[in-house]
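One-based numbering, in listed order, for ligands and for the atoms of each. We're numbering straight along the sequence, starting at 1. FYI, side chains are in, hydrogens and waters are out, and symmetry mates aren't considered; it's all heavy atoms of this structure. All values reported here derive from a predicted model rather than from experimental measurement.
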Amino acid sequence: MMKPRYIRVIIDRAIHRELDYSVPETLLERVSVGSRVRVPFRDKSALATVVATLEQSEAEGIRPIEAVVGDTPALSEQLLELGNWMSTYYCCPIETVMRSLLPQVIRRGEIGWKKQLFVQPVRKVDNDEVEKLRRRAPRQAELLEAITQLTRPVPAAQLLRTTALDNQTLRALVKRGLAQLSEDAVERDPHADEQFIATTNLELNAEQALALKQLTDALDALERAESARPILLHGVTGSGKTEIYLQAIHATLARGRSAIVLVPEISLTPQTVERFKGRFAEVQDAVAVLHSHLSQGERHDEWHKIHSGRARIVIGARSAVFAPLRNLGLIIIDEEHESTYKQEEAPRYHARDVAVVRAKIEKCAAVLGSATPSLESYYNATIGKYQLATLTQRVDERQMPRMRIVDLRQERRKGKAIAILSDKLRGAIADRLEKREQSILFLNRRGFSTSLLCSNCGEARDCPNCSVALTFHRHVARLSCHLCGHTSTVPKKCPACGKDALIYSGFGTEKVESTAAQIFPKAAVRRMDADSMTRKEAYRETLRSFRAGKIDILVGTQMIAKGLHFPNVTLVGIINADLALHLPDFRAGERTFQLLTQVAGRAGRGETPGEVFVQTYTPFSPSIQFARHHDFAGYFQQELEFRERCDFPPFKHAILITARSAHEERAKFSAETLVRRLKEALGTEFILSEATPAPLEKMQGQFRFHILLRGEAIMRLSRLVRETLDKLPFPEDVTVTVDVDPYQLL
Ligand SMILES: [Zn+2]
Ligand SMILES: [Zn+2]
């Protein structure tokens with residue numbers, strides 16, 4: 001059979017079309033779908049990915065490719081298929097999708113393997129020879145003894161470290177012809193310095209065993225080449241979901257397949273990594289970890305470790321859903337409700353949804369786990385699209401924490417200033433300090449004061465680039481914008497009226513920390529948020545001291561809300577439960593319920609039952625009441641009715657289009673023109689909003705207008721939007737973005 005002589009490629013630049021090239025005889029063997037190639041493009045050369053091999057091509061002026069990059073195709077056909085699906089579904093050019101499918105370090109091919117010097121013996125050396133050398137050069141003799149014992153080459157640096165000898169000594173031995181150095185590629189292992197203690201399977205309770213069986217049944221179904229429905233594992237906080245994941249992975253490896261575990265970036269703590277590396281200690285090399293703190297070199301090595309088939313388990317944040325594992329058997333999406341799975345730049349994909357599609361393409365099992373499943377996923381389980389597995393009990397029969405609601409309106413009626421810590425919460429903290437137990441105080445807002453107002457003219461200090469107030473950060477004594485990062489000094493007088501009448505209002509975690517430290521001067525108070533955790537190590541250090549009991553009160557944002565497991569924490573204080581409730585977003589209620597349940601779940605994970613205080617001005621809001629009673633079913637029913645009434649997901653898909661420009665009029669005009677064109681294209685099947693100023697009208701110096709589309713047939717809607725946009729030329733200074741299944745409506 002004649003091999004195909006032509007290929008169709010997508011080059012790395014966005015030109016919105018595929019190109020055909022011919023393949024020289026000498027390269028034929030090495031090219032297939034998914035290969036990376038270097039091709040001539042206009043008068044330069046470009047890197048590209050092969051998407052098809054052809055026997056003929058109709059294209060004119062076909063040129064031959066210049067080279068093939070890499071020994072084997074970088075992308076499997078399944079991953080390419082996934083890329084095509086993403087391009088259509090997310091209304092996004094395939095070139096942009098490619099940026100996610102292949103990490104930059106692999107696409108550019110600029111970083112290679114790290115080279116290291118290895119040392120090995122040259123010939124057998126007897127004792128006499130060593131002793132003779134010892135008289136003249138004792139240190140060389142010592143090193144020579146160590147080298148003679150080597151059975152394989154070891155890194156020179158490592159040998160010198162263990163023998164406490166220096167490079168000069170080694171060089172001298174090489175010169176004498178007694179040792180040999182060679183350069184070889186090594187892997188950069190981000191966890192090389194860590195020790196992982198091997199752990200064994202924990203005993204499962206009846207509910208856990210049942211859930212695990214559902215998972216292994218799904219794996220068995222795959223062996224019989226049957227497809228498996230995704231499984232939604234709904235387990236209350238502390239119910240031992242991770243143990244089920246670990247044992248399911250074990251079962252997957254035993255069937256000769258590989259597994260991906262997705263966790264939200266903020267949950268990718270040393271604690272999590274340790275747990276997985278520990279359980280699979282005997283195959284430790286087979287576990288690859290992908291997260292945003294990796295250096296480009298480490299990323300390169302981890303990718304190749306996965307691509308070459310050496311790694312069989314991948315743990316990572318969002319982008320790990322594209323890990324090039326072969327023979328995939330299982331994808332786990334932990335904390336599937338987390339909004340960090342949604343990428344907020346193009347391609348704007350949701351890793352959970354992409355994972356479910358990948359599982360379908362690769363014919364593998366998918367497990368979505370959460371204590372507070374997203375409305376979309378739970379709905380899918382109720383209509384039978386997903387299988388449901390439920391854990392209603394905490395492990396070791398631990399109690400769910402008791403939730404107490406503190407009505408801040410009453411505190412205010414008592415004539416107090418804005419309560420940061422109510423009397424009840426204060427009392428509870430004091431009680432914990434006495435018993436040497438730990439407390440967590442949670443507030444979803446950074447900084448000291450959230451705005452600086454003039455009491456004379458009422459003017460607030462807003463960011464010059466965005467329509468939000470600047471936040472005051474006391475430890476750096478500056479005002480800063482949490483949207484664009486703009487910072488400025490704190491004015492002494494009001495810049496608008498010139499009066500010395502500036503007042504701070506609203507508060508963030510920094511203020512909570514200082515208030516707690518003031519009220520409890522003997523307690524060790526620490527804060528954990530994006531401001532205090534700028535150093536990579538700070539996070540780990542704080543967690544370590546908290547675990548060791550050196551911190552009594554930990555104050556923090558979302559960073560402390562998820563996945564952490566500290567047995568000595570018996571109290572959680574939620575400083576203001578209303579923050580998420582009042583956002584102009586149809587998910588506001590869902591987010592509040594999830595946040596309260598997750599934060600509360602940090603309490604009482606040890607022997608002593610936990611207690612949670614929820615401070616709020618709206619004590620009777622349904623999200624707060626349902627969370628208080630740990631009533632997921634009640635909350636789900638109520639929220640679902642609201643979504644159905646208002647035509648929101650899961651009943652309708654949504655697409656958010658944003659037109660932005662530094663010129664307000666142009667952004668507005670473009671959005672309005674687009675609405676007119678969409679009206680013609682879409683007909684009556686879909687719901688189309690008018691062009692409206694975004695809730696955050698101005699961000700990073702750009703004026704923003706929104707168009708919201710809703711409908712059931714999302715693939716059709718995406719295609720129609722794409723076609724309409726392609727036909728419409730926008731002014732150069734107007735940017736239009738499309739977000740399918742949006743999570744940010746601001
Ligand atoms: Zn003023
Ligand atoms: Zn700003």
Between [Y] and [X], is there a salt bridge with N-O shorter than 4.0 Å?
X	Y	value
Glu376	Arg587	yes
Glu672	Lys668	yes
Arg666	Asp733	yes
Arg474	Glu513	no

Q. What orientation do Tyr90 and Trp85 show, parallel under 30°, tilted 30 to 60°, or perpendicular over 60°?
A.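 Perpendicular.
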(Q) I'd like to verify the contacts: list protein N, O or S atoms under a distance of 2.8 Å from the Zn ion (ligand 2). (A) Cys463 SG, Cys466 SG, Cys481 SG, Cys484 SG
**Q.** Aromatic contact, Tyr504 with Phe448 (centres under 6.0 Å)
**A.**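 No.
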Q) Hey, are Arg591 and Ser339 close enough side-chain-wise for a donor-acceptor pair under 3.5 Å? A) no
Q: Please step through side-chain hydrogen bond (donor to acceptor under 3.5 Å, both in side chains) for the pair Glu336 and Ser374, ending with a clear verdict.
A: CA-CA 7 Å; Glu336 66 88 26; Ser374 64; 3.2 Å; yes
Q. In total, how many protein N/O/S atoms does one find closer than 2.8 Å to the Zn ion (ligand 1)?
A. 4
Q: Identify whether NZ of Lys or CZ of Arg in Arg710 sits under 6.0 Å from the centre of the six-membered ring of Phe648 and within 45° of that ring's axis.
A: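 Yes; both conditions hold, so Arg710 lies above the ring face of Phe648.
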